[in-house]
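Just below is one structure, and these are the notes that go with it.
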Protein chains: 2
Amino acid sequence: MNKNDLRVLKTKQNIHLTLTNLLKKKPLPQIKVTELCKLANINRGTFYFHYQEVGDVFKEFFEEIMMDLRESYNEPYRHTKYIEREKLDPKTVRIFHHVQKYEEFYRIILSKEVSAEYYYMLFDEIRSILVEDKYTAHLKENYLYSYSSNAIIGLIIEWYRRDFQESADEMNIHLVNILKLC
Amino acid sequence: MNKNDLRVLKTKQNIHLTLTNLLKKKPLPQIKVTELCKLANINRGTFYFHYQEVGDVFKEFFEEIMMDLRESYNEPYRHTKYIEREKLDPKTVRIFHHVQKYEEFYRIILSKEVSAEYYYMLFDEIRSILVEDKYTAHLKENYLYSYSSNAIIGLIIEWYRRDFQESADEMNIHLVNILKLC
DNA sequence: TATTTAATCGAACAATTGTATATTAACTAT
DNA sequence: ATAGTTAATATACAATTGTTCGATTAAATA
C-alpha cells in the first residue's frame, strides 16, 4: 500500500471527513464500519484494507493532537502571569490551553465508553514530554514522571467532568494552589 | 428478576466461574458472549437476561475488588516502617498491597485493550476514599482530590508496566521519595 | 403437595463483522 | 501514450451480536 497514491489519499481523506461529521452526531463506539463506509461511499473491503476498526481512524486524528500538545509545551511562556517562575515550570501548564483548543476531541478521549488505549496514548505523550524536560531531567526517581503525568491528567479529568466550565487560566491557578499545598 | 432465586444464583455463579477460567486463557475483549455461554452451558438469551456484555460480568468482580481496596485503606497502619507518620498519611500507601493482592485483576483493568470504564471506576473509588479521609477533609481545593488520586494511579500504571517487579513495600518507598521531592 | 411464578431454553431474525476472491478502475513510471 | 501495478470494487461467506417469541421447566409460595 503506497500512502502517496492519490487513490489512497482520497480514500483516507474521505474517511476522515465522514468520521468527523459522524462524531458530531454520535459517540465513537457507536459508529460502525458499515455505517461509515456507506456514508463515505466506499467499499467496506477498502476500509479493512487500510484500517482494522473505526478507532484506527480516530488514532490518526490523535497523532495531530499529540503533535500540538508537544508544541504547546515547548512554546515560550508568554501567558504565565499566574505562575511563580521560581516554584513551577510554567510550560507545564500550557497543557490546559491545548486541551481547551481540542476540547471536542478530549471529550471523546476521556469518555468512559472508549478504549483505554487513548488514555495511555495521552499519558505516554505527557510523560515523555516531562522526561525530556530539562527542568526535571536531573531527577533520579523514575516513578515521579508517571506520578506527575497522571496527576496532571487527573486535573484534566476533573475539568472534563465539570464540562470544561473553568478557563485554561483558571486551571493553571488550581494547579498552582495544589503545588503549594504539597 | 429476583437475585435471590436459586436459578439466578446458579446461573451467575456458573458464568462467573466460566469467565474466571476463560480469563486465564485469553484477554477480556477477546471473550465472546457466544463462547462464554457455550462453555457455561447456558442459553445466550439467559446471558442477555442478566447482562449486556461480557464486561458486565467482569464489573461484578470489580465490585469485590473495590470493597477490598476500601478495606485496605481503612486498615490500621501496622506496616508503616518506611513511612514518616508526620509527613504522610500512611494509610494511603496500603493501596499498593491491595493491588499486589489482586495483581491478576489489575493486569486486566490496566491493559490498554479494555474499556476506559474500569479505569474510571478505580479512579472514582480512590478519589472518594481520599475525599472521605479525615486527614484531608479540611482542604478546600477540590481539584486536589482528582490530582492526588490519579497521581497514585500513575504509580500503579508504572508498576504494572514494569510487570509488578517491585514489592508493595518498595512502592511505598517510591511514593515517599516523590512526596519528599514535591 | 399443588399451584403459581418467572427463569431458562430453543429457535429464529436482521445486522454487523471480518475475511476472501475475482474483476475493474485508477494511478505510476517509463 | 502505454504498460504494468495496485487500490478499489462487487460479491459472497461464516461467525457473532442483540433481540424477540412462545414453550418448558425449575423454583418459590401458599
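Everything quoted here is computed from the prediction, not taken from an experiment. Every chain is numbered from 1, with letters handed out A, B, ... down the list of sequences.
Look at OH on A:Tyr51: it is 14 Å from P on D:dA7, rounded to the nearest Å. Atom NE2 of A:His50 and atom P of D:dT9 are 9 Å apart (whole Å). With rounding to whole Å, A:Asn2 atom CG is found 9 Å from C:dT28 atom C1'. Counting to the nearest Å, the P atom of C:dC9 and the CG atom of B:Asn41 are 9 Å from each other. The separation between A:Ile42 atom CD1 and D:dA8 atom C1' is 9 Å, rounded to whole Å. Between the CZ atom of B:Phe47 and the P atom of D:dT17 there is a distance of 9 Å, given to the nearest Å. The separation between B:Arg44 atom CZ and C:dT8 atom C1' is 14 Å, rounded to whole Å. The CG atom of B:Asn4 sits 9 Å away from the P atom of D:dA28 (whole-angstrom rounding).
A cation-pi arrangement is absent between A:Arg44 and A:Phe49 under the rule of less than 6.0 angstrom and at most 45 degrees off the ring axis.
In this structure, A:Glu103 pairs ionically with A:Arg107, as a charged nitrogen and a carboxylate oxygen lie closer than 4.0 Å. A:Arg161 and B:Asp124 are joined by a salt bridge, as a carboxylate oxygen and a charged side-chain nitrogen come within less than 4.0 angstrom of each other. Contact check on B:Lys26 versus B:Glu35 returns a salt bridge, with a Lys/Arg side-chain nitrogen under 4.0 Å from an Asp/Glu carboxylate oxygen. Between A:Lys59 and A:Asp56 a salt bridge is recorded (basic side-chain N to carboxylate O distance below 4.0 Å).
The base of D:dA27 is not paired with the side chain of B:Arg7 by any donor and acceptor separated by under 3.5 Å.
Side-chain atoms of A:Asn43 lie closest to D:dT9 of the nucleotides C:dT8, D:dA7, D:dT9. The side chain of B:Phe49 sits closest to C:dT8 out of C:dT16, C:dT8, D:dT17.
Counting any heavy atom pair closer than 4.0 Å across all strands shown, A:Asp5 reaches sugar-phosphate atoms only and no base atom. Heavy atoms of A:Asn14 sit nowhere under 4.0 angstrom from any nucleic acid atom. B:Lys12 comes within 4.0 angstrom of no nucleic acid atom, judged by non-hydrogen atoms across all strands.
Distances shown here put every side-chain N or O of B:Thr46 at or beyond 4.0 Å from the OP1 or OP2 atom of C:dA7. Between B:Lys10 and D:dA26 there is no side-chain polar atom (N or O) within less than 4.0 angstrom of OP1 or OP2. OP1 or OP2 of C:dT17 lies within a sub-4.0 Å distance of a side-chain N or O belonging to A:Thr34.
Place A:Leu6 and A:Tyr48 on DNA chain C by their nearest nucleotides, and A:Tyr48 ends up nearer the 5' end. Residues A:Thr11 and B:Ile31 both approach DNA chain D. Their nearest nucleotides, taken by heavy-atom distance, put A:Thr11 toward the 5′ side.
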